[in-house]
Number of protein chains: 2
Amino acid sequence: MRVDETTKQHGEGDDEDGPWPGGVVAPAPPSIDGPPFRAVGFTVSSVGYAVARRFRQTLAPLQLEPREFALLRAISAAEGLSQQAAAERLQIPPSRMVAFVDALEARELLERRHNPLDRRTRTLYLTPAGHELLAHALVLAAELENHLCAQLNGAERELLLDLLQRVGSQLGLEVGKHAVHAHSALAHE
Amino acid sequence: MRVDETTKQHGEGDDEDGPWPGGVVAPAPPSIDGPPFRAVGFTVSSVGYAVARRFRQTLAPLQLEPREFALLRAISAAEGLSQQAAAERLQIPPSRMVAFVDALEARELLERRHNPLDRRTRTLYLTPAGHELLAHALVLAAELENHLCAQLNGAERELLLDLLQRVGSQLGLEVGKHAVHAHSALAHE
DNA sequence: TATTGTTATACTCTATAACTATA
DNA sequence: TATAGTTATAGAGTATAACAATA
């Protein structure tokens, strides 16, 4: 073995609430109890991580992972898109996408169809059950959003979004615009 | 004996900026281009993830990972604490902590000492090089913080922290207070 | 020859639990 | 017997690259 360090992790999975969310790895924070504590970077990162974790828990009853949710949503928004097109949108390697689609297809939430124009590609469509589950997941997501904003009034909510976007723009993010990346969102994990 | 280190490559390369930070997996986002887009949960999660990723890149030149940074910082704040005490603070399993300490000790950034009062425990101390590297890392972290807040004035910065803490409190977080968790912070990943 | 989807292989990280040396 | 640290084993997840079918 090597030792090395360890590095990354990510994880996922598991979670529920374990300290180290499944694989969600988590690198490390800038401080333990010193100055960086009231830092914007540290705070945004911490809260964002907690939100992602909670979102995963929220979806757990549906047996759905955040990335699966993102995939169903992407297909719903553009039915008939190819597997690799979806992979590109969600920033998931094509080889990984196979397993994701396999799992959801086995549960009959979506189906692969052959594209008559190009028999190499497989187009993706949600099944009725898939639409239903997605709708349910969207309700849960909306409820979570309400819960998160319980201590904010409308103006404060908009202000928070504005401030966050300014921070995000410093990193090249264009949140609130579109473009999503399966892992950037409530992903973390 | 413990590991050989010899491997050190991982560090580098990994992430830098690859879509999937090292191993940072990333679950998934709540939406692809629909409603959840201007959602607080989605935005906080996305920005937090980006910040964590950037923090990792910021530390890369020092060959330091976020969690290693957190460990050095924890030791600095409480020199002489035991390995397992540090593990508990950072929410890292004791068995994993071994590799972390091994790596940093091999680089002579910290050292293990025996506790004369209880020879089972190993107390941790930073070496001069460790203090130096940590100081350097703190400078980089401060620079990142400034960069992130470049579009905010003092009042806006405080306001953002306040709003984020309100969201965090909905999840049981007590950011800005203390208590850190190696992975929650600029960790994510 | 290039591309889509798939499979195969190797590697990393993690957790669990055994093991040692102390107490 | 219990605890701090260590090591060993096994498993989950990913990336890389090789592969088949189609273009």
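Chain identifiers are assigned alphabetically (A, B, ...) following the order of the sequence lines, protein sequences preceding nucleic acid strands; residue numbering begins at 1 within each chain. What you are looking at is a predicted structure, and each value in this text was computed from that prediction instead of being measured.
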At less than 4.0 Å, is any side-chain N or O atom of B:R96 found next to OP1 or OP2 of C:dT16? Yes or no.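 No.
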Phosphate OP1/OP2 of C:dT3 contacted by A:R122 side-chain N/O (<4.0 Å):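 No, outside the criterion.
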[X] has an atom [atom1]; how far is it from atom [atom2] of [N], in whole Å?
X	N	atom1	atom2	value
B:R112	D:dA4	CZ	C1'	12 Å
B:L90	C:dT14	CG	P	13 Å
A:I92	D:dG13	CD1	C1'	13 Å
A:Q91	D:dT14	CD	P	15 Å
A:R113	C:dG5	CZ	P	15 Å
A:R67	D:dT14	CZ	C1'	9 Å
A:M97	C:dT7	CE	C1'	17 Å
A:E88	C:dT4	CD	C1'	13 Å

A:P93 side chain, from C-beta outward: closest of D:dA15, C:dG5, C:dT6: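 Looking only at side-chain atoms, A:P93 lies closest to D:dA15.
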Could you work out which one of C:dG5, D:dA15, D:dA4 sits closest to the side chain of B:Q84?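 Minimum distance to the B:Q84 side chain belongs to D:dA4.
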Name the atoms and distances for all side-chain donor-acceptor pairs under 3.5 Å in residues 78-85 of chain B, with sequence neighbours left out.
from, atom 1, to, atom 2, distance (Å)
B:E79, OE2, B:L126, N, 2.9
B:S82, OG, B:A85, N, 3.1
B:Q83, OE1, B:R112, NH1, 2.9

Sub-3.5 Å pairs of nitrogen or oxygen atoms, protein against nucleotides 20-23 of chain C:
from, atom 1, to, atom 2, distance (Å)
C:dA23, OP1, B:R119, N, 2.8

Could you list the residues that satisfy side-chain contact (heavy atoms from CB on, under 4.5 Å) with B:A129, not counting sequence neighbours?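 B:L109, B:T127.
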Excluding sequence neighbours, so at least two apart, what forms side-chain contact (heavy atoms from CB on, under 4.5 Å) with A:E156?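 Applying side-chain contact (heavy atoms from CB on, under 4.5 Å) to A:E156 gives A:L152, A:N153, B:L163, B:R166.
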Short side-chain to backbone donor-acceptor contact, B:T43 and B:A39, under 3.5 Å: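 Looks like yes, one N/O pair under 3.5 Å.
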Per the salt bridge (charged side-chain N to carboxylate O under 4.0 Å, His left out) rule, what does the pair list look like for residues 130-146 of chain A, sequence neighbours excluded?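 Listed by first then second residue: A:E145-A:R157.
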Sugar-phosphate only, base, or nothing, as touched by A:S95 at under 4.0 Å among non-hydrogen atoms: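 Contact class for A:S95: base.
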Got a sec, which residues hit side-chain hydrogen bond (donor to acceptor under 3.5 Å, both in side chains) with A:E111, two or more places apart in sequence or on another chain?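 A:R113.
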So that I know where these two stand, are B:Y49 and A:Y49 an aromatic pair - ring centroids less than 6.0 Å apart?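 No, the ring centres sit 6.0 Å or more apart.
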